[in-house]
Amino acid sequence: MPKFIPPTIVQKEPICALATPPGKGALAIVRLSGKNAYAIAKNITHESLLPRRAHYTAFYDANDGIIDQGLATYFQTPSSFTGEDVIEFHCHGNPLVAELLLKTLCCLGARLATPGEFSLRAFLNNKIDLAQAEAIADLINSTTEQAARTATRSLQGAFSERVNSVLTQLVQMRMHIEAHLDFPDEEIDRQQTTQLCKQLTLLEDFLDELLQQAKLGERLQTGATIAIAGKPNAGKSSLLNVLAQSDVAIVTEIPGTTRDPLSADIEIQGVAVRLIDTAGLRETKDIVEAKGIERAQQALAQADLILWLTDVSSDDSQAIPKEIDVNKVITVHNKIDLQEASSLNDNENIYISAKNHTGIDELIAQLALRLLGENVLSENGDTPFLARNRHVIALQNAQQHLRSAQQRLSSANELELAAEDLRIAQQNLGVITGAFTPDDLLGKIFSEFCIGK
Ligand SMILES: Nc1nc2c(ncn2[C@@H]2O[C@H](COP(=O)(O)OP(=O)(O)OP(=O)(O)O)[C@@H](O)[C@H]2O)c(=O)[nH]1
Ligand SMILES: [Mg+2]
């Protein structure tokens with residue numbers, strides 16, 4: 001009996017791609033998905049593949065010559081990643097073999113997939129929503145263990161679940177309000193308005209928490225750039241070397257040692273951080289140093305945070321130059337080994353000795369606080385999900401319209417305008433999961449995927 005296929009599944013023309021990284025390896029996986037994929041696979045393997053069984057088989061080219069032998073696994077629609085008929089061929093990891101296999105698949109009617117096309121089909125067939133599709137790309141691109149774990153949670157639907165929960169509550173409220181709009185004779189009374197306002201407040205609190213978690217998830221997804229700046233000889237390169245736990249930068253007692261910006265990648269509480277050491281800022285006639293300072297200023301403008309390093313033993317003025325955004329600055333007072341009186345750290349000032357490694361743990365703790373905020377990490381230090389900037393913006397827009405709806409309801413009882421605000425809030429949340437996503441945005445999101453995903 002033919003298997004029941006839910007009406008949402010659409011099988012498009014067959015596509016194929018290498019699913020593993022190009023190059024030599026033990027194995028390479030070639031993936032085929034779409035209409036006729038089963039028949040094409042039969043031509044390649046000369047076997048009648050059973051669903052969800054790994055078949056050890058030869059792979060034949062169009063002239064029945066053997067290309068390789070390996071495993072072929074058939075995932076029957078709709079129980080596959082894309083929802084279509086999918087066949088995975090595991091061959092030996094020589095790029096020529098995979099190339100031959102792909103060529104044969106194309107001779108048999110498939111075409112090479114575009115970047116992200118498998119995931120796009122999975123989305124269009126409702127196998128995953130948009131936030132989950134993005135989580136796949138983010139998981140592949142994660143550079144810290146924590147980012148990878150949180151991407152997996154998003155992929156499993158943790159983020160989408162929360163967004164959908166807000167959506168469900170919003171839809172209920174809209175139904176309630178619009179029922180009154182449709183039957184204007186039944187005027188909404190004060191008690192009902194108060195009740196609606198109460199529900200809106202609860203929803204706003206929920207959304208606010210979601211937004212804070214999304215911001216955290218975004219930080220994990222994007223990582224951060226932290227620049228080290230200050231006057232020449234403050235100890236910037238010494239601090240870079242301490243934080244990177246490696247002799248990345250040249251350190252000398254000659255002011256103006258560092259010219260080009262230097263970087264080192266480190267991890268702070270699961271956030272991938274790029275540290276940038278820069279040339280000391282001062283007036284100079286030296287052309288090379290001046291060019292280094294110009295580059296330092298560019299690096300400072302782009303950084304998420306700036307460590308403004310001062311030398312506590314120096315009498316020179318070490319004030320933060322006015323072109324630096326002070327909101328991004330933590331002042332780090334270095335060389336406290338040369339000072340007798342001890343000073344207390346606060347959120348803007350940290351006292352260290354790059355030479356003796358004193359105060360470095362406190363500095364790292366302060367950086368983590370700046371990057372991740374307070375009280376937002378769960379007990380095991382994990383974040384609930386990974387998020388992107390477009391998610392944060394959509395949540396902020398939704399929040400703004402929820403607030404506006406509440407004002408209209410409570411102060412002026414403007415039902416119609418409140419309903420419109422709730423509709424826009426709903427639309428913004430729908431953009432996250434893909435319920436209301438314009439085609440050009442979809443194109444942009446999926447084109448950033450790698451081929452074969
Ligand atoms: N006593 C002491 N000396 C330090 C400390 N940190 C750095 N120094 C010394 O200060 C001098 C300058 O250090 P660097 O790390 O090269 O300073 P910088 O800010 O990178 O200097 P430029 O690249 O020239 O701008 C070197 O002699 C370091 O050994 C510290 O915590 N205590
Ligand atoms: Mg230096």
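Of the possible polar contacts, none joining the N36 side chain to the A39 backbone as a donor-acceptor pair under 3.5 Å is found. One N or O on the side chain of D129 and one on the backbone of A131 form a donor-acceptor pair closer than 3.5 Å. A distance-only check finds no donor-acceptor pair linking the side chain of K12 to the backbone of S33 [under 3.5 Å]. With hydrogens and angles disregarded, a donor-acceptor distance shorter than 3.5 Å links the side chain of D325 to the backbone of N327. Using a distance-only test at 3.5 Å, with no hydrogens or angles considered, no donor-acceptor pair links the side chain of S80 to the main chain of T77. Side chain of R295 to main chain of R259: no donor-acceptor pair is present (N/O by atom type, distance under 3.5 Å, no hydrogens or angles). Formation of a donor-acceptor pair under 3.5 Å by the T152 side chain with backbone atoms of A148 is found in this model. Within the 3.5 Å criterion, the main-chain N or O of A354 finds a donor-acceptor partner in the side chain of N334. Using a distance-only test at 3.5 Å, with no hydrogens or angles considered, no donor-acceptor pair links the side chain of D68 to the main chain of V97. Under the 3.5 Å distance criterion, the side-chain polar atoms of N241 are matched with a main-chain donor or acceptor of A249.
Within 6.0 Å of atom NZ in K328, more than 12 heavy atoms from other residues, nucleotides or ligands are found, so the atom counts as buried in its surroundings. Dense packing is recorded around CD of E448, with more than 12 heavy atoms of other residues, nucleotides or ligands lying under 6.0 Å away. Counting non-hydrogen atoms of neighbouring residues, nucleotides and ligands closer than 6.0 angstrom, the CD1 atom of I250 reaches no more than 12 such neighbours. Remark: E323 CD is packed, more than 12 non-hydrogen atoms of other residues, nucleotides or ligands lying under 6.0 Å away. Under a cut-off of 6.0 angstrom, the local environment of CZ in R52 is sparse, with at most 12 non-hydrogen atoms contributed by other residues, nucleotides or ligands. Within a 6.0 Å radius of CZ in R370, other residues, nucleotides and ligands contribute more than 12 heavy atoms.
In this structure, the side chains of R162 and F385 come closer than 4.5 Å at one or more pairs of heavy atoms. Proximity of H391 to F159: side-chain heavy atoms (C-beta onward) are separated by under 4.5 Å at one or more points. Annotation: side chain of E218 is not in contact with side chain of L386 (no heavy-atom distance under 4.5 Å). Inter-residue side-chain proximity for L203 and L170 is flagged as met; some heavy-atom pair is nearer than 4.5 Å. Side-chain contact check for L32 versus V86: every heavy-atom pair is 4.5 Å or farther apart. Within the 4.5 Å cutoff, no side-chain heavy atoms of L100 are placed close to those of D61. With contacts defined as side-chain heavy-atom distances shorter than 4.5 Å, the pair L71/T57 does not qualify. A heavy-atom distance below 4.5 Å is found between the side chains of Q396 and L211.
No side-chain donor-acceptor contact under 3.5 Å links S404 and Q407. If you check the side chains of S238 and K355, you find no donor sitting under 3.5 Å from an acceptor. For Q399 and D208, the side-chain atoms include at least one donor-acceptor pair closer than 3.5 Å. Using modelled atom types and a 3.5 Å distance limit, the side chains of T257 and T252 yield a donor-acceptor pair. Under 3.5 Å, the side chains of T201 and Q406 contain a donor-acceptor pair of N or O atoms. Side-chain contact check for T144 and E267: no donor-acceptor pair (N or O, by modelled atom type) lies under 3.5 Å.
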Please walk me through it: do E117 and R111 pass salt bridge (charged side-chain N to carboxylate O under 4.0 Å, His left out)? CA-CA 12 Å; E117 200 170 5; R111 66 161 170 81; 2.6 Å; yes

Does the side chain to side chain contact (heavy atoms under 4.5 Å, CB included) test come out yes or no for I268 and L372, once each step is laid out? CA-CA 10 Å; I268 296 178; L372 298 168; over 6 Å; no

As a quick check of understanding, evaluate side-chain hydrogen bond (donor to acceptor under 3.5 Å, both in side chains) for T258 and S237, giving each step before the final call. CA-CA 8 Å; T258 306; S237 302; 2.8 Å; yes

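Contacts classified as side chain to side chain donor-acceptor pair (under 3.5 Å) and involving residues 219-229 (residues at least two apart or in different chains) are given here: D138-Q221.
For R153 and E161, the salt-bridge test fails: no basic side-chain N is under 4.0 Å from an acidic carboxylate O. By the 4.0 Å N-to-carboxylate-O rule, R423 lies close enough to E420 to be salt-bridged with it. Salt bridge absent: E13 and K35 never bring a charged side-chain N and a carboxylate O closer than 4.0 Å. One finds no salt bridge joining D304 and R274 here, because no Lys/Arg side-chain nitrogen approaches an Asp/Glu carboxylate oxygen to under 4.0 Å. Under a 4.0 Å N-O distance rule, the pair E134/R388 qualifies as a salt bridge. For the pair K103 and E99, the salt-bridge criterion is not met [side-chain N within less than 4.0 Å of a carboxylate O].
In this structure, F81 has its ring center no closer than 6.0 Å to that of F118. Checked against a 6.0 Å centroid threshold, the rings of F59 and F89 count as neighbours.
Tested against I330, the residues L307, I306, L369 include a single side-chain contact (heavy atoms from CB on, under 4.5 Å) partner, L307.
Aromatic ring pairs are classed by plane angle as parallel below 30°, tilted from 30° to 60° and perpendicular above 60°; the pair Y60 and H46 is parallel.
One distance of note links OG1 of T114 with CZ of F446; it measures 10.5 Å at 0.5 Å rounding.
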